[in-house]
Every structure is written in C-alpha cells, then in structure tokens.
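This is a predicted model, so every value here is computed, not measured. Computed over heavy atoms, backbone and side chain alike; hydrogens, waters and symmetry mates excluded.
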Number of protein chains: 2
Amino acid sequence: MTNPDTRTQILDAAAHLFAERGYRGTSVRAVTDRAGANLAAVGYHFGSKAELLAAVARRVVEPIITAQCAALDRLLAENPEPPVADLVAAWVGPMFDEMSAAEGTSKLIMMILGDPAEEVRSWTGPAQSTVYDRYLAAFRHALPALSPEELWFRMRGLLAVTAVDRAEGACRVGGEESRAYAITFLAAAMSAPPT
Amino acid sequence: MTNPDTRTQILDAAAHLFAERGYRGTSVRAVTDRAGANLAAVGYHFGSKAELLAAVARRVVEPIITAQCAALDRLLAENPEPPVADLVAAWVGPMFDEMSAAEGTSKLIMMILGDPAEEVRSWTGPAQSTVYDRYLAAFRHALPALSPEELWFRMRGLLAVTAVDRAEGACRVGGEESRAYAITFLAAAMSAPPT
DNA sequence: GCCTCATTCAAACGTTCGTTTAAATCAGTC
DNA sequence: GACTGATTTAAACGAACGTTTGAATGAGGC
C-alpha cells in the first residue's frame with residue numbers, strides 16, 4: 001500500500017487548504033507544494049482531485065459520526081427514551097471535540113455544506129444517514145407531540161447551528177463556553193412546544 | 001447609464017448560476033451564454049467577475065435588510081422593549097419573504113456564507129452590520145440576563161438556522177409552514193435561560 | 001450626412017487548471 | 001549486482017478560465 005508518509009501529508013495539506021480557500025479555490029499544485037510532494041502525487045495516491053476531497057472529508061467526518069453513535073449508545077443503555085437535552089448534548093459534543101482537535105475542521109465542514117457543487121457533496125457515505133436516522137428516531141420518542149415535518153426541520157437546525165457557529169465563532173468565543181452555549185440554545189429550541 | 005436590459009439579464013443569470021454551482025464553479029462564459037449576452041458584457045457593465053458577484057449579492061440582500069429594519073421600527077414604535085418572540089419574527093420574516101419570492105435566493109445566501117474565499121465575502125456593505133447591531137441591542141434589552149458572549153452566540157444561531165434551513169429545506173417543507181417552524185424554534189432558543 | 005457616445009461583438013491574450021506520460025529513483029529479494 | 005515493483009520526478013498536454021482589445025453597430029443631436 002502506497003507510501004503513507006506523502007499520502008497523509010497530502011491529506012493534511014488538502015484539509016487545510018480546502019477549509020481556507022474552498023475546493024475549487026484550491027489547486028492541486030497548491031496542495032502538493034504545501035505537502036512537499038510532486039504534482040503528480042495526487043493522481044498517483046488518490047486518482048483525482050475529487051477523490052482527494054472525498055478522502056479528506058471521510059477522514060474528518062468519520063470520527064465525528066462514530067463518536068455520535070457511541071454517545072447515543074451510552075444514553076440508550078441507561079434509558080431507552082433519553083430526554084431532549086441529553087440527546088442534544090450527545091449530538092453536539094463530538095462535533096465540538098473533533099472540531100477543536102483539528103484546527104479548521106469546522107470551516108472544512110462548513111465549506112462542504114455550503115458548496116452547491118455535486119462534486120463536493122458526493123463523498124457522503126451510508127454511515128452518515130444512519131447516525132442521522134438513529135437520532136431522528138430518538139428525538140421522535142422524546143418529542144411525541146411534534147409532526148414529522150417539524151421534527152425534520154428542527155434536526156436541520158441542529159446541524160446548522162453547530163456547523164455555522166463553530167465555523168465563524170471559534171475566534172470570538174472559547175471552545176468550552178461555546179459548547180455550553182450551543183447545548184442550552186439547541187436544547188431549548190428542540191424542546192419547544194409544537195407550532 | 002448602461003443599457004439596463006442586458007445588465008439585469010446578466011444579473012439574473014448570475015444569481016441563478018452562482019446559487020446552482022457556486023462562484024468559482026460558474027464561468028463568466030456560462031453567465032453570458034445564459035443571459036444571451038456577449039462574453040465581454042460582464043467586463044463592460046460590471047468591471048470584473050468579482051464585482052458582478054457583489055452586484056448580485058447586493059440586489060439579493062438589500063431588500064431583506066431594509067425589510068428587517070422596517071419591521072424593527074414597527075415593533076419599537078409600539079413598544080420600546082419588544083418581547084423576544086416578536087424580535088425573532090421581525091428578523092426571520094423578511095428572510096422568508098424574499099427567499100420565497102425569488103427561487104434559489106436561499107441557496108445563493110448559503111453559498112455566500114459558506115464560501116471561505118475573501119473574494120466572495122468582500123461585497124458586504126455597512127447597512128448589514130447596522131441592522132445586525134440594531135437587533136443585537138433590542139435582544140440585549142429583551143434578554144438582560146445574558147452575557148454579551150452568549151447573546152452574540154445566539155445571534156449567530158439565528159442567521160445560521162434561517163439560511164441553512166431555507167437552503168435545503170425548501171423542497172421538503174412548504175414556505176409558510178417552515179416560517180412558523182423557524183419562529184417557534186428560534187424564539188425558544190433565544191429565550192432560553194442563560195447557561 | 002455627420003459626429004458622438006454608449007453598447008455589442010468576434011477574437012485573441014496570457015495564465016492557470018487537472019491530468020497524463022515516460023523516465024528516474026528507491027527498497028527489497030534473489 | 002541485477003531484477004522487480006512501488007514511488008517520485010520533470011515535463012508536457014489540452015482545455016477552460018478571466019480579461020482585454022479594437023472594430024462594428026446603434027441611436028440621438030446638430
């Protein structure tokens with residue numbers, strides 16, 4: 001299997017540059033220059049620029065969704081129907097953990113969410129929708145009065161706040177404070193009585 | 001003043017294509033082809049591709065922020081310290097009105113918010129921060145217990161939910177329903193007790 | 001008719017892009 | 001030390017990009 005050294009250095013460089021300048025705004029040459037690799041290394045190790053983005057996105061998102069799954073498992077082991085605030089904390093926590101661990105991760109996620117090009121979104125795997133559906137079911141039990149449409153709307157708000165606020169807010173508010181802010185903000189929003 | 005016909009046709013085409021494929025993903029040639037204009041028309045009427053984006057963004061955002069200002073004025077005329085739910089409705093309402101009026105407007109806003117390139121963000125004018133600061137002050141009176149940091153965090157959540165949820169949710173949920181969902185969701189979130 | 005000015009047009013400019021190629025280098029194995 | 005397969009390298013490819021140019025076109029005033 002391909003030399004892991006230059007491969008991961010390309011992944012690191014690409015993650016930083018994609019977050020900083022976007023997918024289309026980052027040239028393969030800029031990535032390989034930053035990685036100290038040859039221009040052709042991207043084609044050799046990943047096949048194409050689009051597949052490089054898919055690899056970068058997978059490496060960023062996978063630890064988040066496995067941590068979200070684990071947190072939900074822990075919650076369900078104690079209580080088959082966890083309260084809303086715990087579900088919010090289990091969902092939001094891993095995003096803050098991983099986003100704080102690697103600088104610019106939140107900007108990268110925001111870039112992926114915001115880019116309208118199919119090329120940028122098509123990396124998504126089945127694990128993503130799985131964890132999403134599991135939380136959806138848990139919230140449905142915790143909020144039985146909500147219509148499916150309104151619940152779906154609130155789930156989208158969950159993702160929006162965590163992604164956007166972390167992307168731009170990290171510079172103004174500390175990580176731990178903004179994690180607590182997000183949980184109170186979102187727990188109140190999710191728990192609101194139906195419209 | 002330059003022929004308004006081709007000028008607005010270029011603006012329409014650019015608004016649609018920027019929303020669909022992003023700024024960098026849209027070529028000047030694609031814009032002029034869709035507008036039925038010559039390639040050089042963009043340079044003639046706008047100066048450059050970046051200035052075209054600025055014009056598109058201004059045309060989309062300006063009616064929203066003037067409507068938000070007007071709604072806040074109406075509120076303050078009745079009550080110098082309006083409740084949180086009214087402030088949220090005054091803020092969210094115009095975004096839904098304008099976003100529903102023009103197809104793809106929310107995707108365009110999402111594209112602008114998500115694009116990390118300075119080129120894409122630099123169009124922003126002073127009117128934007130003005131309306132933002134006015135709502136910030138109004139919310140500060142309505143929520144005196146909140147620290148400035150947490151209030152600032154919640155204001156960002158306000159924008160995140162309206163932009164993101166409208167961008168991807170429009171296809172699943174009707175405009176009027178999702179406006180009501182957004183107001184209950186955000187009013188509860190903003191009214192939450194301090195962390 | 002002629003001049004003026006704004007607008008449109010076809011064509012080309014130079015640059016940057018993602019990808020490909022074929023030779024060069026390196027690490028093991030015999 | 002030669003063979004093998006994986007990796008790196010320099011160079012080039014063709015395409016697409018934003019921008020510029022200079023001539024053509026159109027309408028309105030004199």
Side-chain angles (χ1 to χ4, degrees), chain A residues 1-58 108 111-112 115-123, chain B residues 1-58 108 111-112 115-123:
Chain A
M1 250 300 169
T2 69
N3 182 354
D5 210 22
T6 62
R7 214 188 108 96
T8 53
Q9 273 170 347
I10 287 176
L11 279 172
D12 290 341
H16 181 271
L17 291 172
F18 285 158
E20 202 76 22
R21 314 181 199 174
Y23 174 69
R24 292 206 147 94
T26 302
S27 67
V28 176
R29 285 168 175 82
V31 172
T32 52
D33 283 357
R34 177 173 239 266
N38 186 272
L39 168 62
V42 163
Y44 179 75
H45 286 282
F46 298 95
S48 68
K49 185 188 178 185
E51 291 173 274
L52 169 61
L53 170 66
V56 169
R58 261 194 300 272
L108 183 63
M111 185 275 290
I112 292 172
D115 198 311
E118 189 59 34
E119 206 175 4
V120 179
R121 298 176 171 279
S122 56
W123 61 271
Chain B
M1 248 299 169
T2 69
N3 181 355
D5 210 22
T6 62
R7 213 186 110 96
T8 54
Q9 273 170 347
I10 287 175
L11 279 173
D12 291 340
H16 181 270
L17 290 173
F18 286 159
E20 203 76 23
R21 314 180 199 175
Y23 174 68
R24 290 205 147 96
T26 302
S27 68
V28 177
R29 285 169 175 83
V31 172
T32 52
D33 282 357
R34 178 172 239 267
N38 187 270
L39 169 61
V42 163
Y44 178 77
H45 286 281
F46 299 94
S48 69
K49 185 188 177 184
E51 292 173 273
L52 170 60
L53 171 66
V56 169
R58 262 192 301 272
L108 184 63
M111 186 275 290
I112 293 171
D115 199 309
E118 190 58 34
E119 206 176 3
V120 180
R121 299 174 170 281
S122 56
W123 60 272

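Between the CZ atom of R21(B) and the C1' atom of dA16(D) there is a distance of 14 Å, given to the nearest Å. Atom CD in E51(B) sits about 13 Å away from atom C1' in dG18(D), given to the nearest Å. Between D33(B) atom CG and dA16(D) atom P there is a gap of 13 Å when expressed in whole angstrom units. The interatomic distance linking I10(B) (CD1) with dT19(D) (P) rounds to 13 Å, in whole Å.
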Could you go through residues 29-37 of chain A and list every donor-acceptor pair under 3.5 Å that involves a side-chain atom there, pairing it with any protein atom two or more places apart or in another chain?
{"from": "T32(A)", "atom 1": "OG1", "to": "V28(A)", "atom 2": "O", "distance (Å)": "3.1"}
{"from": "T32(A)", "atom 1": "OG1", "to": "R29(A)", "atom 2": "O", "distance (Å)": "3.1"}
{"from": "R34(A)", "atom 1": "NH2", "to": "H16(A)", "atom 2": "ND1", "distance (Å)": "3.4"}

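Between R24(A) and R21(B), the shortest heavy-atom distance links the atoms NH1-O, 3.8 Å. Closest of all the heavy-atom pairs between K49(A) and Y23(A) is NZ-O, 3.0 Å. Annotation for T8(A) and D5(A): closest pair OG1-O, 3.1 Å, computed over non-hydrogen atoms.
OP1 and OP2 of dA6(D) both lie 4.0 Å or more from every side-chain N or O belonging to H45(A). Taking only side-chain nitrogens and oxygens, T6(B) comes nearer than 4.0 Å to OP1 or OP2 of dT8(C).
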Would you mind building the protein contact string for nucleotides 16-28 of chain C? One character per nucleotide, 5' to 3', B for base within reach (heavy atoms under 4.0 Å), S for sugar-phosphate only, - for untouched.
-BBBBB-------
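Using a 4.5 Å cut-off on side-chain heavy atoms (C-beta onward), Y44(B) and N38(B) make no contact. Put simply, the side chain of I10(B) does not reach to within 4.5 Å of the side chain of R7(B), judged on heavy atoms.
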